[in-house]
2 protein chains.
Amino acid sequence: MADREDTPVKATATSARVIEALLELESATITELDDHLPHSKSTIHSHLETLEQLGFVVRDNWAYQVSLRFLEIGSVARNRYPLYQPGVSEVRQLATASGLVASLVVIERQRGICLYTAMGKKSDRSFGDPGEILPLHCTAPGKALLAVMAPENVDSIIDDHGLREYTENTLTSRAALDEELQDIQSRGIAFNREEWREDVRGIAAAVEGKTGSPAGAISVRSPTDTMSGKRFQQDIPGLVISSANRLRKALRSER
Amino acid sequence: MADREDTPVKATATSARVIEALLELESATITELDDHLPHSKSTIHSHLETLEQLGFVVRDNWAYQVSLRFLEIGSVARNRYPLYQPGVSEVRQLATASGLVASLVVIERQRGICLYTAMGKKSDRSFGDPGEILPLHCTAPGKALLAVMAPENVDSIIDDHGLREYTENTLTSRAALDEELQDIQSRGIAFNREEWREDVRGIAAAVEGKTGSPAGAISVRSPTDTMSGKRFQQDIPGLVISSANRLRKALRSER
DNA sequence: AAGAAGTATTCCCTCATTCCGAAAAACCCA
DNA sequence: TGGGTTTTTCGGAATGAGGGAATACTTCTT
């Protein structure tokens, strides 16, 4: 976003900029896009027509929008993850057992990305849509993933993204984070105490891939009142850990 | 696929071709892509580098793949549909009540596209991933959608896509399809009797949008042995119809 | 340890193409 | 029907996309 891209193929970058603008505006006409983009109307028109022919954009009269083709391709990208198939049933089971919202999170392009979310009985409406991006330093699955990564990779992620403060509980110093990661590493489980959003706590455990880099993390999350005391310290962590163990086993047997 | 596109912006079309090749190959190196595409290695290299910088492609050493960014964008595209949020809870409920696989399907770019799928107790492993494309003329949700569309739109869809024969039960004549659509229209429910896949039956009902064009369809699907007799004729259709009714009501109240 | 084989990346040159501005066409509202 | 708004088309000029060959890099082999 901040970086001025220097891509070899400029026209593709322009098309991408158009798509990005469509995402921000949800739905837009050419003139609206003209205000948000450093290009002439005729240029925008060309790119929109191209993207429409290619199936990435749909138009309803004069309202252009991104198409569900992204969902289709995204689905393929998701199915590539060996963790996905076994992870889904595990997450579902975890959601049922805990009654909370359970998610499967992986790391890609230095970001935590939610692959799947299941909701238990008492979970409120959804957060954590597939594809949603989670910060790594202040969420349970994010920290769980960082804890099993090679230190130099953690370094470059923190260097690139910093430690943005979302709430007063967010760990914003590298030292504090490192200490916490140590703790997570030795205990095999990560906690989030309203470090990202007020009144949301989370618990997560990472599952290692074969390469040494993490394959993903399994997590639950809920408002603070349902996540405190023994439940937060022992019961739910127990469920998460055994889920992660089953997932590890499933991954091993599969390959 | 069949039509040779003549897009105003050629470079974007080239990038799209690269992405499509990556989808087919799951994961590919530049040389592999070179075999599948009518471009030089240096061109492919440029496009991959561009797409990587833009976040649409990730590379692991020399293996390039499409990224989860598509999932992220697809999620936005999906949330745009007013049907989606209320549809999800309805589909879930339907899956639980019927014990079968239930889906929410919309029409976009003349295609049926699955927005969401929930599985009941006795449903086998998944089909109907979000983003998956369904043929319109030989699936329950597809026919339900066609039945509530303006006839001229049905015409152009059939003209463009034909009536491909998937099984011996597929309706391949326009007359037979029209008759069936009439029936669906009057009964408010659509059936699929192994017209797409062997041993898969489906039942669906469409939900109208405000514009006269359909908003989407809600459907269940299962192997033939669990979908026959009174269950297929009455019980399940009843569940589907009342689900659709609740969904209509939810849509109206929302807007 | 060094060469061989395969791969990615860079370089340069040329022609096609992107992009803009302006003009034309389509559309919407009275 | 006509003015204001928006989209679409058009032509020309600068640029950048694309191919081919040379180079750098990895990995495998011997």
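Quick caveat, the model's predicted, so the values are computed rather than measured. Each chain gets a letter, A, B and so on, in the order its sequence line appears, and its residues count up from 1.
Atoms CG (A/D60) and C1' (D/dT7) sit 15 Å apart, rounded to a whole Å. C/dC20 atom C1' lies 17 Å from atom NZ of A/K10, rounded to whole Å. Between B/H47 atom NE2 and C/dT17 atom P there is a gap of 12 Å when expressed in whole angstrom units. Per the geometry, CG belonging to A/D34 stands 14 Å off P belonging to D/dT8, to the nearest Å. Distance B/I44 CD1 to C/dT10 C1': 16 Å, rounded to the nearest Å. When the P atom of D/dA21 is taken as reference, atom NZ of B/K41 falls 12 Å away, rounded to whole Å. In this entry the distance linking CG of B/L48 with C1' of C/dT7 reads 14 Å, nearest Å. B/E49 has its CD atom 16 Å from the P atom of D/dG16, to the nearest Å.
For D/dA17, the OP1/OP2 oxygens have no side-chain nitrogen or oxygen of B/T14 closer than 4.0 Å. Contact annotation: B/H45 side-chain N/O to C/dT9 OP1/OP2 distance is under 4.0 Å. Within the 4.0 Å cut-off from OP1 or OP2 of C/dC20, at least one side-chain nitrogen or oxygen of A/H39 is found. Contact check, B/S40 against D/dG19: a side-chain N or O comes under 4.0 Å of OP1 or OP2.
Closest non-hydrogen pair, B/S219 versus B/A204, comes out as CB-CB, 3.5 Å. When all heavy atoms of B/G216 and B/L145 are compared, the closest pair comes out as C-CD2, 3.5 Å. Considering every non-hydrogen atom in both B/L171 and B/H137, the closest pair reads O-CD2, 3.7 Å.
Looking at heavy atoms from C-beta onward, B/L22 lies out of side-chain contact with B/S27 at the 4.5 angstrom threshold.
Contacts with DNA chain D (heavy atom under 4.0 Å) in residues 25-33 of chain A: A/T29, A/I30, A/T31, listed by number.
Projected onto DNA chain D by closest heavy-atom contact, B/N61 and A/N61 fall at different nucleotides, the more 5' of which corresponds to A/N61.
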Next item on the list: Kindly indicate, with the supporting measurements, whether the criterion side-chain hydrogen bond (donor to acceptor under 3.5 Å, both in side chains) is fulfilled by B/H39 and B/R17.
Entry: CA-CA 10 Å; B/H39 295 281; B/R17 239 170 284 138; 2.8 Å; yes
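The side chain of B/W62 sits closest to C/dA8 out of D/dT8, C/dT10, C/dA8. Distances from the side chain of B/R59 to the nucleotides C/dT9, C/dT18, C/dC20 place C/dT9 closest.
At distances below 3.5 Å, at least one donor-acceptor pair connects side-chain atoms of A/E108 with backbone N or O atoms of B/L68.
Within 4.0 Å (heavy atoms only), A/S46 reaches no atom of the nucleic acid at all.
The aromatic rings of B/Y166 and B/W196 sit perpendicular to each other, their planes meeting at more than 60°, with 30° as the lower class boundary.
Scanning atom types as modelled, one donor and one acceptor separated by under 3.5 angstrom connect the side chain of B/S42 and the base of D/dG19.
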